[in-house]
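These numbers come from the heavy atoms of this one structure, side chains and all, not from hydrogens, waters or symmetry mates. In each ligand, atom 1 is the first atom listed, and ligand 1 is the first ligand listed.
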Amino acid sequence: MNKLNLFMKASRFRVIPVMIIPVILGAMGAYAWEGIFHPFLFVITLVGAGAAHLFSNMINDLWDFRNGVDVAAKETASTISTNSGYLANGIVTERIFAALTWMLLGIALICGIILSFYTGWGVLIFGGIGALIAYFYVAPPLKFGYRGKGYSEVAILVSFGILPVMGTYFVQTLQFDYRALMLSLPIGLLTTLILFNHHFLHWQSDKESGKLTLVVVWGERRALQISKFLLILAYLSLLVCVIIGVMPIYVLLALVTFLPVYKVYKQLQDKNPSQAYLPLLGASLKAAIRCGLLMSISLLIQGIFQ
Ligand SMILES: CC(C)=CCC/C(C)=C/CC/C(C)=C/CC/C(C)=C/CC/C(C)=C/CC/C(C)=C/CC/C(C)=C/CC/C(C)=C/COP(=O)(O)OP(=O)(O)O
C-alpha cells in the first residue's frame with residue numbers, strides 16, 4: 001500500500017464529507033440570507049475544518065490503541081473493527097502516527113490563524129473548542145466518549161453540526177445568527193446518527209475493554225429504538241427549519257433521503273450479528289451526505305434567485 005493510501009486509511013478520509021458538508025452549509029446560509037460569499041475564506045475554512053476532522057479521527061485511534069480498545073476489537077471475533085488497525089497490527093509506529101496526528105492539528109491551527117487576520121481571533125474559539133472536544137473524547141483524564149452517558153453524541157452534534165456551520169457562517173459574515181444554529185441541527189443530528197449506528201458494529205469488544213457506548217449500556221434493542229428516534233429528530237428539525245423560514249420550501253425534497261435508512265431498520269431484528277449493521281451504517285452515511293447536499297443546493301438556489 002502506498003503512503004497516500006496508508007494516510008487516507010489511517011485518517012478515515014472516506015468520512016470527510018461529514019465535515020465538508022456543514023462547512024458548505026454555513027457558507028450557503030451566508031450567501032442565501034446575506035448575499036455574502038468570500039471564496040478565499042471559504043477555501044481556508046474548508047482546509048482547516050477538514051484537517052481538524054482528520055486530526056480527531058487519528059487522535060481517536062491513537063488513544064484507543066493506548067487504552068487497549070483497538071487490540072480488543074481485533075481479538076473479538078464477533079466484532080467489526082472500525083479503526084485503521086495500523087497501530088494494533090504494528091504497521092505504523094506510534095511515534096510516526098502521533099507525528100502525523102499533531103501535524104494535522106498544526107494545519108488546522110495555521111488555517112485558524114490566517115482566518116483570524118480577516119475575522120478577528122473569535123474564530124480560534126470555535127476551533128479551540130473543537131480541538132478540546134476531539135482530544136478529551138478519548139484521552140485521559142476525561143475520556144468522555146467512553147462513559148455511556150450520551151456525552152459523545154452531544155459532542156458529535158456540536159463538532160459536526162453547530163461548530164462548523166456557525167463557525168463558517170461567522171467567518172463569512174462576522175455575525176452570529178440563530179438561523180445558522182437551526183441549519184446545523186439536521187446535518188449535526190444525521191452525523192450523530194452515523195456515530196451512534198457505528199457503535200453497533202463493535203459493542204462486544206467495547207464492552208470487554210470497558211468502553212461504555214450507549215449500545216453497550218442499553219443493549220441492542222433499546223439502542224435501536226434510540227437510533228430510529230435520532231433519525232426522526234433529524235428530519236423533524238429539517239421541517240422546523242422550513243416552517244420558521246430558515247430554508248426554502250423546496251428543500252423538503254431532501255425528506256426522501258430518509259427512506260433508504262427506514263428500509264434498513266425494517267430488516268433488523270431486536271438482536272443482530274455485527275454484519276447486519278453494516279447496511280445501517282452505509283445508509284445513515286448516505287442519508288447525511290445526500291440530505292446535506294440537497295440542503296446546500298436549496299440555499300444556493302435561494303441565494304441566486306432572490
Ligand atoms: C489551540 C487552538 C486554538 C487550536 C485550534 C485548531 C483548529 C481546530 C482550528 C480550526 C480553525 C477553523 C478552520 C476555523 C473556522 C471556523 C470553523 C469552521 C470552526 C469549526 C472548527 C471545527 C472544525 C471543529 C470541530 C473539530 C472536530 C472535528 C472535533 C471532533 C470531535 C469528536 C468527538 C470526534 C470523534 C471522532 C471519532 C473517530 C469517533 C468515533 O470514535 P469511537 O467512538 O472511539 O469509535 P471507533 O471504535 O470507531 O474508534
Side-chain angles (χ1 to χ4, degrees), residues 11-12 15-16 18-20 22-27 41-65 67 69-70 72-74 79-85 88 102 104-116 118-119 121-139 142-146 148 151-172 180 184 188 191-192 194-203 205-206 209 211-216 281:
S11 62
R12 308 192 201 189
V15 290
I16 195 86
V18 300
M19 179 52 79
I20 300 296
V23 171
I24 295 177
L25 268 176
L41 298 182
F42 175 69
V43 171
I44 300 294
T45 309
L46 214 51
V47 175
H53 178 200
L54 300 183
F55 160 76
S56 78
N57 287 343
M58 290 190 70
I59 198 77
N60 183 279
D61 256 21
L62 193 60
W63 276 105
D64 269 351
F65 172 70
N67 293 328
V69 178
D70 287 359
K74 192 178 140 222
T79 274
I80 297 174
S81 177
T82 47
N83 56 67
S84 70
W102 292 109
L104 286 166
L105 184 67
I107 295 174
L109 185 58
I110 290 169
C111 292
I113 292 170
I114 296 173
L115 291 175
S116 69
Y118 293 89
T119 65
W121 56 268
V123 79
L124 287 174
I125 296 183
F126 282 98
I129 295 173
L132 288 175
I133 293 177
Y135 187 76
F136 287 112
Y137 181 86
V138 272
L142 296 185
K143 288 202 231 173
F144 69 83
Y146 289 0
Y151 302 141
S152 42
E153 283 68 22
V154 175
I156 297 294
L157 174 63
V158 172
S159 307
F160 293 94
I162 297 173
L163 285 178
V165 176
M166 290 197 80
T168 306
Y169 184 80
F170 176 79
V171 166
Q172 293 287 327
S184 73
T191 304
T192 307
I194 298 171
L195 176 99
F196 192 89
N197 287 342
H198 110 289
H199 287 312
F200 285 105
L201 298 179
H202 42 61
W203 67 267
S205 64
D206 286 343
S209 58
K211 181 173 172 178
L212 295 182
T213 65
L214 288 180
V215 181
V216 171
L281 183 62

For this session: Hey, could you give me the CG/CE distance between Leu105 and Met58, rounded to the nearest 0.5 Å?
Result: 12.5 Å
Using a 3.5 Å cut-off on N or O atoms only, is [X] in polar contact with ligand 1?
| X | result |
| --- | --- |
| Arg12 | yes |
| Tyr137 | yes |
| Asp61 | no |
| Thr168 | no |
| Thr45 | no |

Numbered atoms of ligand 1 (with element) below 4.0 Å of [X], judged on heavy atoms:
| X | answer |
| --- | --- |
| Ser56 | 28 (C), 30 (C), 34 (C) |
| Leu124 | 3 (C) |
| Phe126 | 19 (C) |
| His202 | 47 (O), 48 (O) |
| His199 | 43 (O) |
| Gly48 | 13 (C) |

Under 3.5 Å: donor-acceptor pair, side chain of [X], backbone of [Y]:
| X | Y | answer |
| --- | --- | --- |
| Asn57 | Ser11 | yes |
| His199 | Phe196 | no |
| Ser209 | Asp206 | yes |

Would you kindly specify which portion of [X] sits under 4.0 Å from ligand 1, judged on non-hydrogen atoms: side chain, backbone, both or neither?
| X | answer |
| --- | --- |
| Ile129 | neither |
| Cys111 | neither |
| Ile156 | side chain |

Are [X] and [Y] side-chain neighbours, meaning at least one heavy-atom pair lies under 4.5 Å?
| X | Y | result |
| --- | --- | --- |
| Ile129 | Ile125 | yes |
| Val171 | Phe42 | no |
| Leu142 | Tyr135 | no |

Exercise. Any idea how Phe160 and His53 line up, ring-wise: parallel (<30°), tilted (30 to 60°), or perpendicular (>60°)?
Worked result: perpendicular
Exercise. How close do Met19 and Gly50 get, heavy atom to heavy atom, and via which atoms?
Worked result: CG-N, 4.1 Å
Exercise. Should Asn67 and Lys211 be marked as a side-chain contact (heavy atoms from CB on, under 4.5 Å) after you check the CA-CA gap, both sets of side-chain angles, and the distance that decides it?
Worked result: CA-CA 9 Å; Asn67 293 328; Lys211 181 173 172 178; over 6 Å; no
Exercise. When you measure from atom 14 (C) of ligand 1 to each heavy atom in Val123, Leu46, Leu41, which option holds the nearest one?
Worked result: Val123
For this session: Pick whichever of Ala108, Gly112, Ala51, Ala52 has a heavy atom sitting closest to atom 9 (C) of ligand 1.
Result: Ala108
